[in-house]
Amino acid sequence: MSARSLSYAFPDGTVAVSGADLTLGLGETLALAGPSGSGKSTLLMLLAGILVPAEGVVDFDGESLSGASQDERARVRLTRFGFVFQSSDLVPELTLRENIELPLRLTGRSGAAGDEARDVASRLGIEELLDRHPAQVSGGQRQRAALARAVVHRPEVVFADEPTGALDRESGRRAMELLLALSAERGASLLVVTHDEKVAGMLSRRVVMSDGHVEE
Ligand code: ADP
Ligand code: ADP
């Protein structure tokens with residue numbers, strides 16, 4: 001996917017992204033680095049179709065995502081993208097299994113949900129925890145469940161915003177290794193917003209944001 005000349009200002013007038021260009025190749029793993037406030041999270045939301053740019057275009061699979069209707073963008077996000085955030089963001093009322101199955105159930109693939117969820121959970125070493133609720137497992141285990149949920153529906157692009165930010169160094173490294181392995185196995189491209197040089201070094205390419213734009 002690619003972005004050309006993206007600009008975005010929040011309703012209060014803060015210009016968060018200004019003239020940003022970025023290309024994410026098929027199967028590529030890309031680190032988006034740069035200082036706090038440089039526009040990384042906002043650019044991720046523009047690329048993922050959560051926000052719509054005031055100027056510029058986001059292309060995904062030969063179509064303009066930024067020009068698509070709200071319903072179409074929601075459909076693309078749900079079926080073709082996966083998301084990981086700093087805090088694992090699981091639904092507290094649901095078990096880990098139900099959380100991991102969500103993307104499949106929401107896209108009408110409930111039939112395969114049980115098997116797919118178990119496969120990816122076992123790959124992440126949380127198979128024994130599937131009947132627990134998020135509050136009943138550790139932070140690292142919650143983040144693994146969030147990784148499972150991000151890839152279970154075989155998305156084409158996984159967007160991760162500081163995915164290791166709430167983990168200690170060793171759990172963070174392990175979570176990144178798993179995220180990289182799962183993305184590769186499933187053929188997904190991966191965009192990781194991070195200010196951690198160690199994390200950035202694990203990805204195939206690194207770009208730096210400064211003041212709302214991307215400096216290669
Ligand atoms: P990050 O570096 O991960 O973007 P921040 O601390 O900058 O983390 O932002 C945390 C949250 O606060 C985000 O959801 C962001 O959208 C929001 N936020 C950041 N700056 C502002 C602001 N000036 N006004 C309102 N919300 C903000
Ligand atoms: P980063 O992820 O690099 O920390 P962000 O994309 O979160 O940067 O923020 C870019 C700029 O936009 C910052 O100046 C931040 O304060 C501002 N910002 C972020 N979220 C909001 C918001 N919801 N409302 C207003 N300003 C925001």
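In each ligand, atom 1 is the first atom listed, and ligand 1 is the first ligand listed.
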Any idea which atoms of ligand 2 are less than 4.0 Å away from a heavy-atom of Asp12?
25 (C)
One finds that the ligand 2 atoms under 4.0 Å from a non-hydrogen atom of Ser36 are 4 (O)
Among all residues two or more places apart in sequence or in another chain, which pass the side chain to side chain contact (heavy atoms under 4.5 Å, CB included) test with Pro134?
Leu90, Leu96, Asn99, Arg142
Find all atoms of ligand 2 within a distance of less than 4.0 Å from any non-hydrogen atom belonging to Thr42, and give their numbers and elements.
5 (P), 6 (O), 9 (O)
Results of side-chain hydrogen bond (donor to acceptor under 3.5 Å, both in side chains) for Ser2 - residues two or more places apart only:
none
Give yes or no for whether the N/O distance cutoff of 3.5 Å, strictly under, is met between Gly37 and ligand 2.
yes
Phe60 vs Phe81 aromatic rings, parallel, tilted or perpendicular, using cut-offs 30° and 60°?
perpendicular
Under 4.0 angstrom from ligand 2, any heavy atom of Gly34?
no
Could you tell me whether some N/O pair between Phe10 and ligand 2 is separated by less than 3.5 angstrom?
no
Please determine if Arg154 and Glu116 form a salt bridge, counting it only when a charged side-chain N lies under 4.0 Å from a carboxylate O.
yes
Do the charged groups of Arg174 and Glu170 touch, with an N to O distance under 4.0 Å?
no
Measuring from the heavy atoms of Pro35, does anything fall under 4.0 Å of ligand 2?
yes
Verdict with supporting geometry, Asp12 and Thr14, side-chain hydrogen bond (donor to acceptor under 3.5 Å, both in side chains)
CA-CA 6 Å; Asp12 71 355; Thr14 306; 2.8 Å; yes
